[in-house]
Protein chains: 2
Amino acid sequence: MVKRTSFEHDDCPIARSLDAIGDWWSMLIIREALFGVSRFGEFQKRLGLAKNILTVRLRALTDQGILKTAPASDGSAYQEYLLTPKGRGVFPILVALRQWSEEFDERPEEISTILVDKENGQPVRKLELYSQDGRLLGAGDTALKPRPAAKLRKRVVA
Amino acid sequence: MVKRTSFEHDDCPIARSLDAIGDWWSMLIIREALFGVSRFGEFQKRLGLAKNILTVRLRALTDQGILKTAPASDGSAYQEYLLTPKGRGVFPILVALRQWSEEFDERPEEISTILVDKENGQPVRKLELYSQDGRLLGAGDTALKPRPAAKLRKRVVA
DNA sequence: CAATCTAGTTTAATCATGCAACCATTGGAG
DNA sequence: CTCCAATGGTTGCATGATTAAACTAGATTG
């Protein structure tokens, strides 16, 4: 928030992500949604945020194609907020955030949950980044290259 | 940050991460630092943020053990900001953010860089989450379990 | 048709953010 | 020694984001 500086038109994909979902509430809303929360009141109760903020965030996430509203589902004629594929695509980001806390937090004993494989209840492994030919990569093994000029699409002038 | 609601004592590791580095500038500062930027002026020039904000962010990151200040290094008697292991641990989060943009941004042609394997210049693969026994896991294949009760450390009462 | 639940909107107070302008230190030129 | 420029940082004010609480309005229940 305090969206004084918007990174919407920054050419760094990290900045663009942050512009879209880089605030506490959006991430946490998506986290809840991944657990199946879909109703306004549920989000509000579980996250404890002000309702007006929730309204704004839900609308922003919907506008960005991260959530979509479905007419109903559980009888009641209200609507519910469901993740789109783009929204579900946030999962690895949340896992990365979680694992960073688990690894580096100085009070790990306060962390109350672990992410497990549903199949057998075992903790998942750390997220791993591989090269095309299967080598495990760390931060130092990578570099940034300019994009290959992109096929010059219709410029989005407006 | 409008740190009205601090998630510092939330028991969700995601919330804790967000509390530590969940604001635009911190993430971007770490991004720059991973590229080798270490000087106050460099950060300021590349990110284009106000110096006071940078000061606050650098101090916060330092206090959290994400950056450390070294007395100098390149002659000039000023200090420089270096990543700690905890700071370098943010790398996967940044990669996840980057890949989310690359996959779902509706104007990917505006993204100017790609992350490549330094060894051969090839793009890296997508971050992947595996189970202990090597199966690739998606959001739906995981669940949260309460932590195994943790050895009941001294409660942080204060 | 009254009570209540859901999903908001409005309002007013508060506090963080961001910009700009201002200090302090270092180091070199004259 | 004095002046100037660059680095690193602090202070003050305007904006505006966040919040709780009050209010609205449709749906559900009884």
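None of these values were measured; they are calculated from a predicted model. First the proteins, then the strands, lettered A, B, ... as listed; each starts at 1.
- Side-chain atoms of B/Gln79 and B/Tyr81 form a donor-acceptor pair, as typed in the model, at a separation below 3.5 Å.
- For B/Arg59, there are no salt bridge (charged side-chain N to carboxylate O under 4.0 Å, His left out) partners two or more places apart in sequence or in a different chain.
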Check the pair A/Tyr130 / A/Leu137 against side-chain contact (heavy atoms from CB on, under 4.5 Å), numbers first and verdict last. CA-CA 5 Å; A/Tyr130 290 100; A/Leu137 300 174; 5.9 Å; no
Give the intermediate values and the outcome of side-chain contact (heavy atoms from CB on, under 4.5 Å) for residues A/Ile29 and A/Leu54. CA-CA 9 Å; A/Ile29 288 169; A/Leu54 180 55; 3.8 Å; yes
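- Taking only side-chain nitrogens and oxygens, B/Trp25 comes nearer than 4.0 Å to OP1 or OP2 of C/dG18.
- Between B/Arg57 atom CZ and D/dT10 atom C1' the separation is 16 Å, expressed in whole Å.
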Heavy-atom protein contacts under 4.0 Å, nucleotides 3-10 of chain C, coded B base, S sugar-phosphate only, - none: --BSBBBB
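- A distance-only check finds a donor-acceptor pair linking the side chain of B/Trp100 to the backbone of A/Lys86 [under 3.5 Å].
- Going from atom CD1 of B/Ile53 over to atom P of D/dT10 covers 13 Å, rounded to whole Å.
- Here D/dG9 presents its P atom at 12 Å from CD of B/Glu80, a figure rounded to the nearest Å.
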Which atom pairs, one a donor and one an acceptor, fall under 3.5 Å between side chains of residues 88-97 of chain B and the rest of the protein, sequence neighbours left out?
unit_1, atom_1, unit_2, atom_2, d
B/Arg88, NH1, B/Leu83, O, 3.3

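- Residue A/Asp23 contributes atom CG, which lies 17 Å from atom P of C/dA16 at whole-angstrom precision.
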